[in-house]
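Written below as structure tokens is the structure these notes are about.
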Amino acid sequence: MENAEVVAMLGEIADLLELTDENPFKVRAYRRAAQVVDTLPVPVAELVRKGELAGLPGVGTHTAERITQFVGAGTCDELERLRGKVPSGVMELLRIESVGPKTAALVWKQLGITSVDALEEAALSGRLSELPRMGAKRSEAIASAVTRHRSRKGRVPLHRALPYAEDLVDRLRAIPGVKQAMAAGSLRRRKETVGDLDLLVSSTNPERVVAAFPKLPGVATLLAQGPTKSTVRLRVGLQVDLRVLHPESFGAALHYFTGSKAHNIAVRTRALHRGLKVNEYGVFDAKGRRIAGEREEDVFRAVGLPWIPPELREGLGELEAAEAGRLPELIEEEDLRGDLHVHSEASSDASSSLLELASAARGFGRSYLAITDHSRSRPLGLDDARLWEHLHTIRWMDQELRGRPHLLAGIEVDILPNGSLDLGDEVLSELDCVVASVHSRFNMSSEEMTERIVRALRTGLVHVLGHPSGRLIGSRDPYPYDLERVLEVAREQGVALEVNAQPERLDLTDQACRLAKQAGVKLVISSDSHNAQHLENLRYGVWVARRGWLEAGDVLNTLPLSELRRRFRRPRRAPSWSHEAPGTSP
DNA sequence: GCCGTTTTCGGCCCGACTGTTTTCAGTCG
């Protein structure tokens, strides 16, 4: 039972309750519980087993009962009871923009509409506009929303959205009268995917900004416009919300629109307890006087907290940590001294030479670089003999470079389905940095995959477990494995887990980083570059690490090379006289 | 349905925009 299934169940109950016109606070309670389970770093089934469910915030006795029943039986009475009252097609109507529970229930009860197709037909034929508070414009809006619904793409990976946000912010800053412009929302929190862009501007002349915004390059359609707010869709499909504020409110708005929702509710609730009110215009005391708003840190100070970095604002204990003075000192990109997972043209799927990689790394200020090409199971990957040769080339190049940067001889060795490594012990034990990764047979059971990884970690030859879950954002799910068990063995073996910074991977995830830290396992942040430009991608890994509450001390490639080498030293397994390679004697 | 620095009962974050109304309900973030 995946947590996502429980989240879906709780969300479905909330939707069904809304459609049956239940108490909105009950609806909200289910939504909150769903969110809590969604951000849970451990399997919810495990909490069920331990009887710890009701200890979660927002999960009381009733919700705990529903979850327990659902985990055991795959459904629960409350869900089935509600499903019996609402046709399933009506549920799908809620996924359509501008159609909420009231509208869905209205068209269902008044017109007998129970499918998206029927809704579209009613909108186009004019039947829809005969309903109360339904006119021609709404019908039209619903019809076009149905079209978009059918071709909907989900959330966009951060690295795709970021350039659009940066470009728009630059253009907004150039509008006369604009004092500040920033991107907020999940983009500022550096979430791995972004739903839409939230842009904020402070200006003494809001009308001018709102008027200029829809005319910016890349904008396809204007969706909504008021005196201080404008919503557009870009040609690439991204929706962008713009809010214009007076400078005295900019900090409060920045805080509010950065979210997350859970974080905001926690801050507002905290403010209420102190007799204060927080909205996007500021923090106000009981007499309605503004006591903060211009700067974000003032908003936090007004509710008795230090400034909290956006990456932590997920409602996952950051307020409590801030209150106790125990916020982590989050890792920064500048803390990273090297990159421990880089492919050269010696791997079939990579394109840069050692020299190109070295000079690019120097440009990014890295002092060391591990060259980790693929092993023989991958097409044209290195076998033992070619790796010996490659190793000597790297050593030679390292001498030539004189530490600008240092090159480490490494490998990304496949973990074969039986858990053994794809190359011989002799050559592996000679390398400075062995990254071991799963690249095949993703469809094993969780037990088999866990055993496979555990066996690899126990060879005593592995320094780093590469992209531990194998996922590709939006295209390949992580393979199932028992993270806690892997962490346990990684700690026992002194193996680090990789935060793969390839923006399509971001693997480990933020939550898994936090668990690894709690389990006492070290991490590395690696670019997995396949050409020299990719070396820049480390920043995406840093953002994941920050969202996982990591500090510089949790990440091994913040260490100077000498200390890193000490960490990576291991007892020799094979006698060192046996691995003379062909053609490599001095 | 959840929860307690005002509460074991009675509250629950807050505001902008649209469309359809003629004062506001619904949706969204």
Side-chain angles (χ1 to χ4, degrees), chain A residues 10 13-14 16-19 21-36 53-67 78 82 93-107 128-142 145 184-187 194-200 206 210 222-232 239-245 249 252-253 255-284 286 303-304 315 323:
Chain A
L10 294 170
I13 291 182
L16 289 163
L17 289 170
E18 272 198 306
L19 287 167
D21 211 19
E22 259 282 5
N23 176 1
F25 295 106
K26 194 194 244 188
V27 175
R28 185 189 297 175
Y30 276 103
R31 295 220 190 281
R32 165 130 199 266
Q35 203 219 343
V36 168
L53 258 190
L56 294 174
V59 178
T61 49
H62 284 90
T63 310
E65 266 173 41
R66 315 260 189 262
I67 295 175
E78 178 69 354
L82 289 164
L93 301 183
L94 296 177
R95 308 278 91 85
I96 293 167
E97 265 177 83
S98 81
V99 176
K102 302 291 180 191
T103 308
L106 183 71
V107 299
L128 202 58
S129 55
E130 287 160 18
L131 294 174
R133 300 192 68 87
M134 277 290 179
K137 282 198 157 183
R138 286 215 65 199
S139 297
E140 208 176 295
I142 287 172
S186 49
L187 184 112
V194 173
D196 55 20
L197 302 181
D198 296 291
L199 306 182
L200 296 182
V210 168
L222 178 63
L223 298 176
Q225 180 127 306
T228 64
K229 183 179 164 173
S230 178
T231 303
V232 300
Q239 182 172 314
V240 188
D241 292 327
L242 172 76
R243 287 289 295 264
V244 189
L245 296 121
S249 295
H255 174 255
Y256 177 60
F257 289 105
T258 296
S260 65
K261 191 167 187 161
H263 170 89
N264 284 351
I265 289 175
V267 168
R268 288 185 176 192
T269 306
R270 181 181 173 90
L272 275 182
H273 289 149
R274 298 170 164 241
L276 303 171
K277 188 176 82 159
V278 177
N279 59 27
E280 61 259 55
Y281 300 105
V283 183
F284 300 88
V303 297
E323 168 112 65

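What you are looking at is a predicted structure, and each value in this text was computed from that prediction instead of being measured.
Rounded to a whole Å, the NE2 atom of A/His255 is 15 Å from the P atom of B/dG15. One interatomic measurement links the two molecules: CD1 of A/Ile265 to C1' of B/dG11, which rounds to 15 Å at whole-angstrom precision. The interatomic distance linking A/Tyr256 (OH) with B/dG29 (P) rounds to 11 Å, in whole Å.
Closest to the A/Lys277 side chain, of the nucleotides B/dC28, B/dC2, B/dC14, is B/dC14.
The partner of B/dG4 is B/dC9, by the rule that a Watson-Crick or G-U pair needs both atom distances under 3.5 Å.
No hydrogens or angles were tested; on distance alone, a donor-acceptor pair under 3.5 Å links the side chain of A/Asn23 to the base of B/dG1.
If you take atom P in B/dT21 and the same atom in B/dC14, they sit 31 Å apart, rounded to whole Å. Annotation: B/dC2 and B/dC13 have their C1' atoms spaced 16 Å apart (nearest Å). One C1' atom belongs to B/dT5, the other to B/dG11, and the distance between them is 16 Å to the nearest Å. Atom P of B/dT6 sits at a distance of 27 Å from the matching atom of B/dA16, rounded to the whole Å. Using atom C1' as the reference point in both B/dG15 and B/dG10, the two lie 24 Å apart (nearest Å).
One finds a side-chain N or O of A/Asn279 lying less than 4.0 angstrom from the OP1 or OP2 phosphate oxygen of B/dG15.
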